[in-house]
Amino acid sequence: MIHLTGHHCMKQKLKQIIEQALHSAYENGALSSESFPEIVIEIPKTVSHGDYASNVAMVSASIQKMAPRKIAEAIASHITDADNVIERVEIAGPGFINFYIRSNTWAGFLKEVHTQGGRYGAINIGQGRKIQIEFVSSNPTGPLHVGHGRGAAVGDSVANILAFCGYDVQKEYYINDSGRQIQTLGRSVFLRCRELMGESVFFPEDCYQGDYIRDIARQVIDQQGASLMDQSDEKAIMVCARFAAALILDDMKRDLESFGVTFDCWFSEQSLYDAGNVVDVIETYRNRNDIIYEKDGALWFNTSAYGDEKDRVVVRQNGQTTYFASDIAYHYHKFERGFEQVIDVWGADHHGYIPRVAAAIEAGGYNKDRFHVILVQLVSLLRGGVPVAMSTRAGEFVTLKDVLQEVGKDAARFIFLTRSSDNTLDFDLEVAAQKTNDNPVYYVQYVHARICSIVRKYTGTMATNIADDIDTSSLLNTPDDISLIKLLMKYPEIIRLSAELMEPHRITFFLMELASAFHGYYNRQRVLTDDDCLTRARLYLMTAVRQVIANGLSLLGVTAPESM
RNA sequence: GCGCCUGUAGCUCAGUUGGAUAGAGCAACGGACUUCUAAUCCGUAGGUCGCAGGUUCGAAUCCUGCCAGGCGCGCCA
């Protein structure tokens with residue numbers, strides 16, 4: 001049984017009231033049919049349409065063979081309100097039934113926020129199911145850049161949200177430490193080593209051009225000395241490759257940690273080869289109805305049989321496996337580890353890859369519905385509205401580390417989550433560093449700091465117990481109080497949606513809305529007054545707001561400062 | 001040519017899976033600090049929701065077809 005919080009609770013109550021009214025209206029002959037559609041209660045956009053509204057009369061029109069407004073009247077006149085929460089019911093527009101709730105009902109919901117505290121808003125939709133989310137997974141051939149930062153922010157936040165909603169979440173980073181790229185990395189470092197030792201070498205264009213390669217080469221020489229050159233080039237390149245990959249990986253871990261992102265598992269692609277998983281998978285599929293077959297001297301996967309637009313090569317003519325080959329083994333391996341659902345966070349430029357991975361999963365006997373890809377659109381980096389040149393090939397780019405140093409973790413994470421992943425994002429370093437209204441992270445954090453400040457100023461007892469012995473319902477019933485309380489009640493639905501749709505930006509937008517409502521309240525109402533009962537009631541409301549701000553920010557991976 | 005994403009106020013974007021009069025921030029204009037933090041607030045102005053059809057009580061939202069921009073269509077990763 002899922003515990004209902006916030007508006008869910010009230011909606012459920014109204015549903016039952018309407019159901020009852022429908023039945024008694026039918027029994028009294030006011031309605032022609034006993035069957036009715038599922039009752040939907042929604043919150044109208046404008047207060048003049050009540051606190052809650054139902055469209056049940058309009059949706060029932062064809063069943064009842066009556067005009068919507070007539071049905072609405074029949075329902076309204078048969079309503080019994082045992083708990084006495086409804087002030088009045090109105091029929092409006094094409095047949096909406098609008099409910100107006102007694103103003104002293106609302107404050108009662110604050111108790112939910114306070115008793116649930118850090119768990120307020122959590123809905124157990126995961127029910128302990130194992131779910132894996134893989135993100136960032138950048139090749140260890142160069143530093144992380146802003147695009148990776150966005151993927152990291154989205155992946156980590158989705159992981160937080162799912163864990164909050166009852167999933168058993170594992171966060172994983174897939175290390176592409178096998179294949180040609182790593183070979184190229186080794187070669188690049190090796191050539192720079194020789195250069196540093198006085199040789200004049202030709203440095204090919206397909207090698208990694210960035211300065212970080214020289215830094216790594218220097219460290220290789222420091223550690224290995226001239227002995228590096230005593231072995232064959234092939235071996236030396238291997239040494240350089242392993243050394244460089246480990247170093248870059250260490251840097252990535254450090255950068256991600258300072259970005260507030262940690263992983264439960266760093267999964268090596270090479271380990272799939274070492275354990276024979278890739279060979280095994282290929283062999284298995286070759287023996288099964290030509291899922292993998294030979295053509296033109298290469299091995300192909302029959303992905304088109306599973307909805308891909310054409311078949312894909314897994315082993316090339318030259319005998320080398322493709323990236324896809326290890327990905328088949330990898331995703332099969334994920335499901336074998338017992339995850340009920342597997343999520344990959346990818347850059348949107350890889351979207352064409354989805355059908356073939358889904359095909360591989362389906363061929364492996366797992367329903368592809370258990371696999372979900374979150375595509376994250378590209379980030380363009382700006383400084384004061386002017387695009388910052390980002391040339392990967394030339395090795396000139398602003399790294400994630402640079403961004404963090406310049407704007408800080410909180411601002412960076414928040415900004416990455418101010419847009420739906422479907423939209424491209426302009427990340428302006430100048431704006432992100434500003435502590436102004438342009439930069440909403442401070443707007444939201446400021447709410448937390450302000451409330452902390454008020455609480456500090458009040459020389460009272462523990463804030464959460466502040467209203468235990470007073471009647472908040474008679475003290476918190478102004479329009480300002482109620483609209484703030486209603487917003488807090490909306491939070492669980494925001495969490496549910498952001499979990500189900502895996503869209504953390506919904507939380508970001510909600511927090512900005514709540515912050516705006518708070519700041520308005522703060523400017524109109526005084527919290528600390530001469531009337532101690534009123535003061536404590538308002539503190540009760542304020543600390544509830546603070547709790548929700550803190551809960552939301554923590555899901556985004558942003559801190560909630562006590563002072564600013 | 002095919003596939004995916006996007007198109008909403010001058011700019012950047014939300015829009016609770018179909019609800020009533022489409023919202024917010026920035027920019028513009030006009031106001032509010034002897035006050036619990038002005039990193040704040042209040043007000044004004046700003047729209048053929050890319051275009052055209054369709055579905056129904058009702059469409060920014062769903063369907064079809066166009067238009068524009070971005071990304072992708074390797075025996076690369």
Side-chain angles (χ1 to χ4, degrees), chain A residues 7 40 42-46 48-49 53 55 57-59 61-62 67-69 92-96 98 139 141 176 178-182 184 295-300 309-310 312-324 326-327 347-355 375 377-378 385 418-426 428 431 434-447 449-458 490 493-494 496-498 500-501 505-506 508-510 512-513 515-516 518-529 535 538-539 542 563-564:
Chain A
H7 284 301
V40 176
E42 49 196 27
I43 297 163
K45 270 178 245 170
T46 53
S48 60
H49 293 134
N55 62 356
M58 282 130 73
V59 188
S62 58
R69 288 191 69 108
F96 285 104
N98 295 337
N139 296 331
T141 54
N176 296 115
S178 165
R180 217 190 61 193
Q181 283 192 117
I182 221 78
T184 305
K295 192 182 91 181
D296 304 333
L299 291 182
W300 297 70
E309 54 186 20
K310 59 182 177 186
R312 309 290 174 177
V313 169
V314 286
V315 182
R316 293 189 268 164
Q317 258 179 357
N318 65 10
Q320 289 184 332
T321 52
T322 62
Y323 182 82
F324 181 43
S326 49
D327 246 3
D349 51 340
H350 289 82
H351 75 266
Y353 208 77
I354 297 174
L375 290 176
Q377 292 289 333
L378 303 178
T418 50
R419 220 131 272 165
S420 84
S421 296
D422 289 339
N423 256 309
T424 56
L425 168 69
D426 289 338
D428 195 312
V431 174
Q434 274 171 7
K435 300 190 170 179
T436 66
N437 226 355
D438 282 346
N439 199 359
V441 61
Y442 300 112
Y443 184 76
V444 173
Q445 285 184 319
Y446 190 40
V447 174
R450 261 187 160 172
I451 297 172
C452 286
S453 173
I454 298 170
V455 171
R456 274 194 300 271
K457 200 138 239 161
Y458 180 76
K490 202 170 139 188
E493 284 193 52
I494 300 292
R496 181 181 60 81
L497 280 166
S498 61
E500 284 174 357
L501 304 173
H505 76 277
R506 288 174 186 275
T508 316
F509 277 92
F510 171 81
M512 292 192 281
E513 190 186 356
S516 171
F518 163 79
H519 286 307
Y521 186 97
Y522 182 91
N523 273 272
R524 279 187 298 274
Q525 309 281 350
R526 249 196 105 73
V527 177
L528 305 179
T529 64
T535 297
R538 288 187 174 167
L539 278 169
M542 291 297 104
S563 64
M564 286 171 76

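Remember, it's a predicted structure, so these values are computed and weren't measured experimentally.
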Student: Do any side-chain nitrogens or oxygens of A:S420 fall under 4.0 Å of OP1 or OP2 in B:A14?
Tutor: yes

Student: Between P on B:A59 and NZ on A:K45, what's the gap in Å once rounded to a whole number?
Tutor: 12 Å

Student: Rounding to a whole Å, what distance do you find between A:I494:CD1 and B:U17:P?
Tutor: 10 Å

Student: Anything under 30° is parallel, anything over 60° is perpendicular, the rest tilted; go ahead and classify A:Y353 against A:F324.
Tutor: perpendicular

Student: Backbone N or O of A:S516 within a donor-acceptor pair of the A:H519 side chain at under 3.5 Å?
Tutor: no

Student: So which nucleotide does B:C26 pair with, by the Watson-Crick or G-U wobble rule with both distances under 3.5 Å?
Tutor: B:G10

Student: If only side-chain N and O atoms of A:Y353 are considered, is one of them under 4.0 Å from the OP1 or OP2 phosphate oxygen of B:G74?
Tutor: no

Student: Roughly how many Å apart are B:C51 and B:C67, using the P atom of each and rounding to a whole number?
Tutor: 15 Å

Student: Would B:U17 be called syn or anti, given that syn covers angles within 90° of 0?
Tutor: syn

Student: Taking pairing as Watson-Crick or G-U wobble with both contacts under 3.5 Å, can you name the mate of B:C33, or confirm there isn't one?
Tutor: none

Student: Given B:G19, B:C36, B:C75, identify the nucleotide with an atom nearest to the side chain of A:K457.
Tutor: B:C36

Student: Between B:G25 atom C1' and A:Q434 atom CD, what is the distance in whole Å?
Tutor: 14 Å

Student: Mind checking who B:A20 pairs with, Watson-Crick or G-U wobble, both distances under 3.5 Å?
Tutor: none

Student: Roughly how many Å apart are B:C29 and B:G10, using the C1' atom of each and rounding to a whole number?
Tutor: 14 Å

Student: Would you indicate what A:V59 reaches in the nucleic acid, counting non-hydrogen atoms under 4.0 angstrom: base, sugar-phosphate, or nothing?
Tutor: base

Student: Taking only N and O in the side chain of A:R538, is any of them less than 4.0 Å away from OP1 or OP2 of B:C36?
Tutor: no

Student: By nearest atom, which of the nucleotides B:C5, B:U6, B:C36 is closest to the A:Q377 side chain?
Tutor: B:C5

Student: Would you say B:U37 has OP1 or OP2 under 4.0 Å from some side-chain N or O of A:S453?
Tutor: yes

Student: Which nucleotide wins on minimum distance to the side chain of A:A298, given the candidates B:G19, B:C76, B:C75?
Tutor: B:C75

Student: Checking all strands, does A:Q525 fall into the base, sugar-phosphate, or nothing category for heavy-atom contacts under 4.0 angstrom?
Tutor: base

Student: Is the shortest side-chain heavy-atom distance between A:M564 and A:Y442 below 4.5 Å?
Tutor: yes

Student: Mind checking if A:E309 touches a base, just sugar-phosphate, or nothing, with heavy atoms under 4.0 Å?
Tutor: sugar-phosphate

Student: Hey, does A:D296 reach any base, or is it just sugar-phosphate, or nothing, if we go heavy atoms under 4.0 Å?
Tutor: base

Student: Just by distance, do the side chain of A:D296 and the backbone of A:A298 share a donor-acceptor pair under 3.5 Å?
Tutor: no

Student: Please report, rounded to the nearest Å, how far the C1' atom of B:G69 is from the CG atom of A:N423.
Tutor: 12 Å

Student: Check this one for me: any side-chain N or O of A:R524 less than 4.0 Å away from OP1 or OP2 of B:C42?
Tutor: yes

Student: Sub-3.5 Å donor-acceptor pair from the side chain of A:N176 to the main-chain atoms of A:N139, do we have one?
Tutor: no

Student: Could you check whether any side-chain N or O of A:N439 sits under 3.5 Å from a backbone N or O of A:K435, counting only pairs where one atom can act as donor and the other as acceptor?
Tutor: no

Student: Take the protein atom CD of A:Q445 and the nucleotide atom C1' of B:A39, then report the distance between them rounded to whole Å.
Tutor: 10 Å

Student: Which nucleotide, B:A20, B:C75, B:C36, lies nearest any side-chain atom of A:A92?
Tutor: B:A20

Student: Quick one: on RNA chain B, does A:N98 or A:V315 contact a more 5' nucleotide (nearest heavy atom)?
Tutor: A:N98

Student: Checking A:R450 against A:Y522: charged group under 6.0 Å from the ring centre and within 45 degrees of the axis?
Tutor: yes

Student: Can you tell which of B:U16, B:A77, B:G72 lies closest to the side chain of A:D349?
Tutor: B:G72

Student: Using atom P in both nucleotides, what's the gap between B:G43 and B:G23 to the nearest angstrom?
Tutor: 14 Å

Student: Can you work out whether A:H49 or A:V527 has the more 5'-proximal nearest nucleotide on RNA chain B?
Tutor: A:H49

Student: Can A:H350 be classed as stacking with the base of B:A77, given a centroid separation cut-off of 5.5 Å and a plane angle cut-off of 30°?
Tutor: yes

Student: Just call it for A:L528: base, sugar-phosphate, or nothing, with non-hydrogen atoms closer than 4.0 Å on any strand.
Tutor: base

Student: Can you identify which nucleotide, out of B:C41, B:A77, B:G19, has its nearest atom closest to the A:Q181 side chain?
Tutor: B:A77

Student: Please state the C1' separation for the pair B:A59 and B:G46 - nearest whole angstrom.
Tutor: 24 Å

Student: Taking only the side-chain heavy atoms of A:Y446 (C-beta and beyond), determine which of B:G72, B:A14, B:U40 contains the nearest atom.
Tutor: B:U40

Student: Please give the distance between the C1' atoms of B:A14 and B:A68 as a whole number of Å.
Tutor: 23 Å

Student: Might you confirm whether atom CZ of A:R316 has over 12 heavy atoms from other residues, nucleotides or ligands at distances under 6.0 Å?
Tutor: yes

Student: What is the distance, to the nearest angstrom, from the CG atom on A:L501 to the C1' atom on B:A14?
Tutor: 14 Å

Student: Does the ring of A:F509 lie flat against the base of B:A24, closer than 5.5 Å centre to centre with planes under 30°?
Tutor: no

Student: Can any side-chain N or O of A:T535 pair as donor or acceptor with the backbone N or O of A:T529 at less than 3.5 Å?
Tutor: yes

Student: Check the phosphate of B:U40 against A:Y521, side-chain N and O only, distance under 4.0 Å to OP1 or OP2. Yes or no?
Tutor: no

Student: Out of B:C36, B:A39, B:C13, which nucleotide sits closest to the side chain of A:M564?
Tutor: B:A39

Student: Keeping A:T322 on the side-chain end and A:V313 on the backbone end, is there a donor-acceptor pair under 3.5 Å?
Tutor: yes

Student: Nearest to the A:R316 side chain among B:C75, B:G3, B:U12, which nucleotide is it?
Tutor: B:C75

Student: Heavy atoms under 4.0 Å, any strand shown: does A:R526 hit a base, just sugar-phosphate, or nothing?
Tutor: base

Student: Closest to the A:L375 side chain: B:C4, B:U40, B:C36?
Tutor: B:C4

Student: Can you tell me how far C1' in B:C62 sits from the matching atom in B:U17, rounded to whole Å?
Tutor: 10 Å

Student: For B:C71 and B:G65, measure between their P atoms and round to the nearest Å.
Tutor: 24 Å

Student: Does a nitrogen or oxygen in the side chain of A:R506 sit under 4.0 Å from OP1 or OP2 of B:G15?
Tutor: yes

Student: State the pairing partner of B:G1; accept Watson-Crick or G-U wobble contacts with both distances under 3.5 Å, and report none otherwise.
Tutor: B:C73

Student: Classify the nucleic acid contact of A:K310 as base, sugar-phosphate or nothing, counting any heavy atom under 4.0 Å across all strands shown.
Tutor: sugar-phosphate

Student: Given the C1' atoms of B:C4 and B:U44, what is the spacing between them in whole Å?
Tutor: 42 Å

Student: What's A:A67 touching, base or sugar-phosphate or nothing? Going by heavy atoms closer than 4.0 Å.
Tutor: nothing

Student: Would you mind reading off the distance between A:Y442 atom OH and B:U40 atom P, rounded to a whole angstrom?
Tutor: 12 Å

Student: Provide the Watson-Crick or G-U wobble partner of B:C62, both distances under 3.5 Å; none if there is no partner.
Tutor: B:G54

Student: Over how many whole Å does the gap from A:I451 atom CD1 to B:A39 atom C1' extend?
Tutor: 15 Å

